[in-house]
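Values below: all heavy atoms of this structure, side chains included; hydrogens, waters and symmetry mates excluded.
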Amino acid sequence: MVMNMYYIVFDLEWNQSPEGKDFSKVDLPFEIIQIGAVKLNEKFETISQFNRFVKPTVYHTLHKKVGELLNVTIEDIIDKGGSFVDIFKEFIQWCGNSCVFCTWGNMDLTELQRNMKFYNIDYQFDKPLLFYDVQKLYSLCFQDGKQRITLQHAIEQLELPQIEGYHSADNDARYTAQVLSLIDMQKVGTFYSVDTFYPPITRKDEIHLDFGLYEKYISKGFASREIAASDREVRSCKCFRCKKPAKRIIKWFSTNNKAYYGLFQCEEHGLIKGRIRIKCSDGGQYYAIKIMKLTDETGAQYIKNKQNKEREHRKMVKLKAAKEQKQ
C-alpha cells in the first residue's frame with residue numbers, strides 16, 4: 001500500500017419486500033437501511049467510524065427476518081435515518097480519496113452500487129474497482145483458500161471477544177476490521193478482488209490480473225451468453241506467464257451453461273488448467289470471468305475426471321431420451 005492509504009471496512013444492512021420475492025421491485029430487490037464503516041490507517045489502527053441509518057422509500061415495512069436479525073423497528077430507522085442520497089454523499093466524503101474498500105464477501109459492494117443506480121447517483125469509483133474481500137483473505141491465511149465461513153465463525157475461530165451482537169452494520173464493520181488487522185497482508189495483500197457490477201465496456205477495457213500462480217481475466221459485455229462463451233478472446237488459451245499460445249490437451253468443455261473447463265500445456269511453464277464462468281450484469285450484459293492457473297498432474301487429473309463425468313452424464317441423458325421416444 002502507498003503512504004496515506006486508508007482501509008475502509010464497511011458493512012450494509014438492507015431490507016426487502018415483506019411479502020416475498022414476487023413483490024420485490026425488480027431494480028431494487030434489497031434497499032439499504034444502514035451503512036456502518038471503520039477507517040483504518042496502514043497500521044490497521046482505527047482512526048474513525050461511520051454509522052448511519054437510511055430512511056426507506058420502497059419497502060416501508062421490515063421483512064420479518066430482517067427485523068429479527070437487526071433487532072430494530074422501522075420506526076427507529078425512520079426516526080434516525082436520512083435519505084440514501086444524503087447518507088451516501090456523507091459516506092463518500094468521510095471515506096476520502098486515498099482508500100481501498102474492504103468487505104466480508106462481495107455482496108455489499110454490489111448492493112451499494114445497485115442502490116446508487118436506483119437513485120441515479122453517478123458512478124464514483126475506479127474502473128476496475130479493486131477491493132479486499134476479507135472473507136477470502138481470511139481463508140487464504142487461516143484455511144485452505146477455498147472455504148468461505150461466516151464472520152461470526154471467523155471471530156470464534158480467532159477467539160476474539162464477542163461483546164457486540166451481529167447483524168448490525170456498525171458492529172459487523174468493527175468485527176471485520178478486527179479480522180483484517182490480524183491478516184498477514186504481506187502474504188495475501190496482492191490478492192485483490194474485482195467488482196464486476198459494471199463489466200468492461202470495450203475490448204481495451206478488459207481486465208487481466210496476474211496473481212503469480214494464476215491470472216483472472218474479465219471480458220467486456222456481450223448481448224447473449226452464447227456470444228460471450230464463443231468469443232475468441234474468452235476461449236483463447238495463452239500462457240499468462242509468457243503470453244505464448246499453449247497446447248490444448250483438453251479443449252474447453254461445459255458442465256452446464258455457466259461453467260467451462262479446459263487443460264493446456266505451455267512448453268516453458270507446464271500445465272495450466274482453465275475455468276470460464278459466464279455471468280450476467282445488472283444491466284443485462286453477459287461477460288466472462290476466466291481463471292488460468294498453473295497446475296500439476298493432480299490438477300490435470302481433476303479436469304480429466306470432470307470431463308469424463310460430463311461425458312457419462314450426457315450419455316445417460318441421450319439414453320434416457322431415446323428410451324422415452326420408444327415408449
Do R52 and F91 come close enough that some side-chain heavy atom pair is under 4.5 Å?
->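 Not in contact.
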Going by heavy atoms in the side chains, are L263 and Q307 under 4.5 Å from each other?
->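 No; the side chains remain at least 4.5 Å from each other.
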Can T46 and K39 be said to form a side-chain hydrogen bond (donor to acceptor under 3.5 Å, both in side chains), step by step?
-> CA-CA 6 Å; T46 298; K39 182 184 288 187; over 6 Å; no
Ionic contact status for [Y] with [X], cut-off 4.0 Å:
| X | Y | result |
| --- | --- | --- |
| K306 | E310 | no |
| R114 | D282 | yes |
| E268 | R241 | no |
| D76 | K80 | no |

Counting distance only, does the side-chain N/O of [X] pair as donor-acceptor with the main-chain N or O of [Y] below 3.5 Å?
| X | Y | result |
| --- | --- | --- |
| D133 | G105 | yes |
| S236 | K238 | no |
| Y260 | I278 | no |

Linking I/L/V/M/F/W/Y whenever their side-chain heavy atoms sit closer than 4.5 Å, directly or via other members, would L140 and F131 fall into one cluster?
->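 L140 does not cluster with F131.
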Shared ILVMFWY cluster between I77 and V66, side chains joined below 4.5 angstrom?
->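 Same hydrophobic cluster.
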Got a sec: does the CG of L160 have more than 12 other heavy atoms crowding it under 6.0 Å?
->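 Count over threshold, so yes.
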Answer yes or no: are there more than 12 heavy-atom neighbours, outside K146 itself, under 6.0 Å from its atom NZ?
->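 Counting neighbours around NZ of K146, 12 or fewer heavy atoms of other residues, nucleotides or ligands fall under 6.0 Å, so no.
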T196 and Y287: side-chain hydrogen bond (donor to acceptor under 3.5 Å, both in side chains), yes or no, with the steps?
-> CA-CA 9 Å; T196 55; Y287 63 98; 2.8 Å; yes
Are [X] and [Y] close enough that a side-chain donor and a side-chain acceptor fall under 3.5 Å?
| X | Y | value |
| --- | --- | --- |
| Y138 | Q157 | yes |
| N305 | Q301 | yes |
| N106 | Q135 | no |

Does the pair E206 and Y217 meet the rule for a side-chain hydrogen bond (donor to acceptor under 3.5 Å, both in side chains), with working shown?
-> CA-CA 7 Å; E206 292 184 329; Y217 159 75; 3.0 Å; yes
Single hit among F125, Y132, Y7 for ring pair (Phe, Tyr, Trp, His ring centres under 6.0 Å) with F101 | F125
Test: K127 cationic atom under 6.0 Å from Y198 six-membered ring centre, within 45° of axis | yes
Stacked cation flag K220 on F222, 6.0 angstrom / 45 deg | yes
Show me the donor-acceptor pairs, under 3.5 Å and distance only, between side chains in residues 26-37 and residues at least two apart or in other chains.
from: E31; atom 1: OE1; to: V58; atom 2: N; distance (Å): 3.4
from: E31; atom 1: OE1; to: Y59; atom 2: N; distance (Å): 3.0
from: E31; atom 1: OE2; to: T57; atom 2: N; distance (Å): 2.6
from: E31; atom 1: OE2; to: T57; atom 2: OG1; distance (Å): 3.3
from: E31; atom 1: OE2; to: V58; atom 2: N; distance (Å): 3.1
from: Q34; atom 1: OE1; to: A169; atom 2: N; distance (Å): 3.1
from: Q34; atom 1: NE2; to: N51; atom 2: OD1; distance (Å): 3.0

Run the numbers on D231 and R203 for salt bridge (charged side-chain N to carboxylate O under 4.0 Å, His left out), then give the verdict.
-> CA-CA 11 Å; D231 178 73; R203 186 71 76 187; 2.9 Å; yes
Which salt bridge (Lys or Arg N to Asp or Glu O under 4.0 Å) pairs, counting each pair once, include a residue from residues 284-305, with sequence neighbours left out?
-> none
Test side-chain hydrogen bond (donor to acceptor under 3.5 Å, both in side chains) on Q265 and R248 and set out the steps.
-> CA-CA 7 Å; Q265 176 86 44; R248 291 178 174 86; over 6 Å; no
